Amino acid sequence: MHLDSNAFLDRAAQAMAKPEQSNNRAALGVSLPRQRSAAIEEFGDFEDLRQSVHARRKHALSHLDQYLEQFAENVIKNGSQLHFARDSEEMNSVVLDICARHEASSIAKGKSMITEECGLNAALEAAGLHVRETDLGEYIIQSAHETPSHIVVPALHKSQAEIRELFLSEHDLGERDLGTAQSLVNEARQVLRADFLRADVGIIGSNALIAENGNSLLVTNEGNGDLCANLPPVLIVCTSVDRILPRTEDALAMLRLLVRSTTGQPISCYTSFYGGPRREGDLDGPLEMHFVLLDNKRSEILASSYSDMLQCIRCGACLNHCPIYVGAGGHAYGSVYPGPMGSVLTPLLTSLEESHLLPNACTGCGRCEEVCPAAIPLPDLLRDLRAEEFSHRITARRWRIGLTVHRWLALHPRLYGAVTAIALRVMHRLGRREGVLRWLPLAGGWLAERDLPTPPAQSFQQQLHSSADQDV
Amino acid sequence: MFDEAGREILARLRHASRRSNAASVREELASLPEAGAAPLLADSLSLAFLARVIRNGGSCTVADGRRGTVDAIGAFVSMRHGQRRVVCGHDPRLAALPWRDAGLLPRFGAAEDGDPVAVSYARAAVAETGSVLLWLDRDNPASNNLLVEDHVVIVAEKNLVGRLEQAMAEPRYAAAETRPRACMLISGPSSTADIEMQLVVGAHGPRCWHVILVGQSLNAALVDRARELADR
Amino acid sequence: MSNSAEFESGERGEVALFVSCLVDLMRPEAAFAAWRLLEDAGYLVVIPEEQTCCGQPGYNSGDYVGAAELARRTIEQLAPYPYVVIPSGSCAGMLRQHYPKLLEGHWQQRAQELAGRVFELSEFLVDIAEYSPRRVEMDQPVTYHDACAGLRELGIREQPRQLLAAAGIQVRELSQRDVCCGFGGTFCAKMPALSARMADEKLHDIEATGATEVVAGDIGCLMALAGRARRLDKNLQFRHVAEILAGDLIGPGIGAKEDPSRGHNR
């Protein structure tokens, strides 16, 4: 997976310096939580639903081998073909193989985070295939040669004006205004329709795989995924092995959580189940249907103490509610997966060395956990990752030393008292007039953007002792 | 069934799984807690369904029989397009409609790019979410749901259910031989919020989603009540 | 609700006041105020000797081993008391929610047992003591900031508001109450620019209410906000809710530009 997570702070600074982008994110950080709240209030016992779905997924994950076997049997019964990929390279080569067998030259793609994780588009393009992202947000960033900044609203960082400029230069359609969002969407519809019609292969992701009947669930509002799934003669569903649920009803329960958490809608405009190629008598549909199931460390995560992370249904609620995501923007994370869920998943899919800043981009406020429909204990997992950093000495040296010193002092209260007494006296003297300190050795981090309130001359406990002494 | 990569992945998953026997897995599954559906907007399924359809950005009318149905389709089509051509799948219920009585010219088959209107007959509809269920098969090709500007979907009141699970619980869906290759629950016109989060319809699929609810005792007042309910 | 008039001093039993390191070192006023409130509520306040730190900074930075050592020390230290009251939501949360996660075996049991006796200050005053504070004359408009740990780990939202209302103080609510102020312990030093941005959002929200007095139950948040407010030259006062409820309004607020050298002697 392409990664640039260690540049988090620089990229965050860049994102914060761009007011239009910041405003988009700020608006998202207010409106989507509001929409979610309203949807949940209307639903009623959302917590009950959350617990029920959590239990079903936990059950499925703890018997994933058996459900995978059941799923595989049904895929074959439906007349579809099943492939596996241990890692990204294998995923890409399996898909390329299928395309090559059909001498495909043009691909229509629905939104799929798994294919982004694997860098599939680059692999296909390197092999000379034409790949068209059809989800509007993905189409916009593909045309702009950028990466997504949100897992649900990939073009969040682009203003309407920028999108207009992009369409005017990319689409050879003569003089036109394109002054409204509607006109932009109309134009995308017109342009992309040709891609749907001529594609040799359609590639889509999956929101859930159903073990009992070998179906794949697809959730969209645009219907682009369905066009990819029905028009081209070959359909490939790319997803990860952990997406398997036992029954259709489990997927429907999850659906109730998913869409409300993502946009506040009760259900998506298009909710489809795809199982197999054209049946006898069908007038359309693919002639061949393929599933490519990716592992890429899911089996490792399943066996680890981070297995709860596999419950993630990619709703994006944690991003929308995270003030650090809203401040820094998705690109700061330098990963396909940003925000709180990305800060856990990225180190697990790559390594802590390559992504050590991400688990630290967190105040532990807990808002993500509160809204997570999958009840993932995100703050705990992030802290556990920080604990791994600490024990593997990835944490910066000065912090490790500072914390060790602090802890040692705290275990030796008399020394603690003596050292803090000196520090307080000095700091108090320095800052007494202003009420704050603006300079202090070792406090560079704090003082970068804020003053430090001047401490008292004596700590609470010192004052107790000195007054006790006086009483004697 | 499992290629080399698949066998390796399966082995890793087996290692990470609880390794219970199949019977106890089934038992455990059966004992998992169920969960509620979203509340219906009204006690009457028809009213609840129509109110959701409207809230979802769809439009709707009611009809009390076959003649009423084609009249409603005709009114919609001529208002939107000023012409009378529609495309339909091979659903026998569609073939049985008295199209000529409303001056309509249906073509039976799969929609093509450029066809303005398709008419489908839903397998079921769900009041909880304002959704119509369409199997993708000869009776209703996928193209009819997706390629057209406007999608008209007829729902028979007797096929209306309360919650999603009920719509998907048909015995024919359970067996591989009788299951369609795919099905779609449609709950609104095609839409997107990808441009600065503004909600816009007609992304790639139909711009207009028009539902006609057919039942003996239905009348137009129901739609007015549904509209009121949707606005609340 | 009851107040001190109903009780003989200390009649309701003992509580240990575990002040928390930031209160101890940076804002003793909050500790003295908490002490007065608990006595007023009829309790005999004991201040366990040699308090240092609950271990939160190390814990949140991933030093589980070090934090566990501090946890065991704290559990031992607080063993004798029927109630432990802490004027800090994050510190109370650490003891109640996180000590049991951090420790194993019989220490985990002891942590669970301690958890049953630990309360954040406003939580204790309302839910256990059913205390009604005396009326406080407050001429500045007040807003209340809900610190994250207290809010989400301990569910503290209504209690401080109830206490302030009983003291005759109306709280002007922030529009984005549930959003973090950006302090986050070491976070504000590790990622200062992001932390400052979050603080600016919070300060903006505060100013929009027209309030000039900012009150919270956690000194960390108050210091971080006050420090940022001073850097930006904003005219806002920051105090711990205990100080307000105890009527301790004479001295300067946190980080305020006046002589902050006055300690409070009993």
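In what follows, chains carry the letters A, B, and so on, assigned in the order in which the sequence lines appear, proteins first and then strands, with residues in each chain numbered from 1. Values below: all heavy atoms of this structure, side chains included; hydrogens, waters and symmetry mates excluded. Because the structure is a prediction, the values reported are computed rather than measured.
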Trainee: Using non-hydrogen atoms only, which part of A:Ile163 is less than 4.5 Å away from chain B: side chain, backbone, both, or neither?
Mentor: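 Just its side chain gets close to chain B.
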Trainee: Where on B:His15 is there a heavy atom nearer than 4.5 Å to chain A: the side chain, the backbone, both, or neither?
Mentor: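 For B:His15, there is no contact with chain A at all, as no heavy atom is under 4.5 Å.
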Trainee: CD of A:Glu249 to CG of B:Leu32: how many Å apart, nearest 0.5 Å?
Mentor: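 Here the interatomic distance stands at 9.5 Å.
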Trainee: Do B:Thr192 and A:Arg189 have side-chain heavy atoms sitting under 4.5 Å apart?
Mentor: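 No, their side chains stay 4.5 Å or more apart.
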Trainee: Given side chains that start at C-beta, do those of B:Ser17 and A:His63 come closer than 4.5 Å, heavy atoms only?
Mentor: no
Trainee: Heavy-atom cut-off 4.5 Å, strictly under: side chain, backbone, both or neither for B:Met1 against chain A?
Mentor: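 B:Met1 touches chain A through backbone and side-chain heavy atoms alike.
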Trainee: Just how far is it from atom CD1 of B:Ile195 to atom CD of A:Gln182, taken to the nearest 0.5 Å?
Mentor: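 CD of A:Gln182 is found 9.0 Å from CD1 of B:Ile195.
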Trainee: Between B:Phe2 and A:Phe84, how do the two ring planes meet: parallel, tilted or perpendicular, split at 30° and 60°?
Mentor: parallel
Trainee: Please look at B:Pro180 and chain A and tell me whether the side chain, the backbone, both or neither of the residue comes under 4.5 angstrom of a heavy atom of that chain.
Mentor: backbone
Trainee: Report which part of B:Arg7 has an atom under 4.5 Å of a heavy atom belonging to chain A: side chain, backbone, both, or neither.
Mentor: neither
Trainee: Please look at B:Ala169 and chain A and tell me whether the side chain, the backbone, both or neither of the residue comes under 4.5 angstrom of a heavy atom of that chain.
Mentor: neither
Trainee: For B:Gln198, which atoms come within 4.5 Å of any heavy atom of chain A: side chain, backbone, both, or neither?
Mentor: side chain
Trainee: Of the backbone (N, CA, C, O) and the side chain (C-beta and beyond), which part of B:Leu147 lies under 4.5 Å from a heavy atom of chain A, both, or neither?
Mentor: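 Both parts, heavy atoms under 4.5 Å.
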Trainee: Minimum heavy-atom separation for A:Glu222 and B:Ala203, please, with both atom names.
Mentor: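 Looks like CG-CB, 3.7 Å.
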Trainee: So for B:Ala22, is it side chain, backbone, both, or neither that comes closer than 4.5 Å to the heavy atoms of chain A?
Mentor: both
Trainee: Would you name the heavy atoms of A:Asn230 and B:Leu146 that are closest together and state the gap between them?
Mentor: ND2-CD1, 3.9 Å
Trainee: Any chance you could measure B:Arg181, atom CZ, to A:Asp282, atom CG, to the nearest 0.5 Å?
Mentor: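 Spacing of CZ (B:Arg181) from CG (A:Asp282) equals 5.5 Å.
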Trainee: Using non-hydrogen atoms and a 4.5 Å limit, figure out which bit of A:Val75 sits close to chain B: side chain, backbone, both or neither.
Mentor: neither
